[in-house]
Amino acid sequence: MTFLVGLLSFFTGPIGRYVLIALLAAGAVSGIYLKGRSEGRAACIAEGEKDVLRTIERADDARAAADRRNADDGRLRDDDTFRRD
């Protein structure tokens with residue numbers, strides 16, 4: 001109990017008030033920093049997921065275009081002379 005009384009009496013003095021204000025300011029700054037860091041991490045993860053989905057969509061579109069191209073009977077076939085089967 002005497003520790004708490006001593007602590008309270010320290011914070012009621014002029015030096016204690018400055019220390020208390022500095023602690024509150026440091027807590028506010030660190031809270032803002034941590035909030036920004038977590039929001040930045042979430043935004044980075046979301047952007048990565050969007051990039052993966054775009055890549056999958058582009059690959060699906062390329063496969064579909066190749067299937068449409070190969071399904072056309074009137075087109076000329078690719079030259080296969082380089083193959084040595």
Side-chain angles (χ1 to χ4, degrees):
M1 184 78 168
T2 57
F3 174 74
L4 290 176
V5 172
L7 190 62
L8 286 176
S9 65
F10 174 73
F11 285 130
T12 57
I15 294 175
R17 279 181 273 180
Y18 291 129
V19 169
L20 183 63
I21 290 171
L23 288 174
L24 290 175
V29 168
S30 63
I32 291 169
Y33 168 76
L34 290 175
K35 181 179 182 223
R37 182 176 168 155
S38 67
E39 287 177 357
R41 181 177 186 271
C44 185
I45 289 172
E47 185 64 31
E49 289 174 356
K50 285 181 198 174
D51 187 38
V52 168
L53 292 176
R54 279 192 300 254
T55 302
I56 291 170
E57 183 178 334
R58 285 179 41 219
D60 289 342
D61 291 344
R63 281 189 211 100
D67 288 342
R68 282 192 304 273
R69 185 172 151 245
N70 289 333
D72 185 12
D73 290 332
R75 78 175 185 89
L76 295 175
R77 297 294 178 207
D78 293 334
D79 187 12
D80 292 340
T81 57
F82 68 93
R83 294 185 184 165
R84 309 268 182 199
D85 291 325

Are Glu57 and Lys50 close enough for a salt bridge, meaning some N to O gap below 4.0 Å?
-> no
Indicate if Tyr18 and Phe10 have the same hydrophobic cluster label, given that clusters are the connected sets of ILVMFWY residues with side-chain heavy-atom separations under 4.5 angstrom.
-> no
Are Leu23 and Ile15 connected in a single hydrophobic cluster, I mean Ile/Leu/Val/Met/Phe/Trp/Tyr linked by side-chain heavy atoms less than 4.5 Å apart?
-> yes
Does atom CD1 of Ile45 have more than 12 heavy-atom neighbours from other groups under 6.0 Å away?
-> yes
Are Asp60 and Arg63 close enough for a salt bridge, meaning some N to O gap below 4.0 Å?
-> yes
Quick one: list whatever passes salt bridge (Lys or Arg N to Asp or Glu O under 4.0 Å) with Arg37, sequence neighbours left out.
-> none
Are Leu34 and Leu24 connected, step by step, through hydrophobic side chains (Ile, Leu, Val, Met, Phe, Trp, Tyr) whose heavy atoms are closer than 4.5 Å?
-> no
Say you draw a straight line from SG of Cys44 to CD of Glu49; how long is it, rounded to the nearest 0.5 Å?
-> 10.5 Å
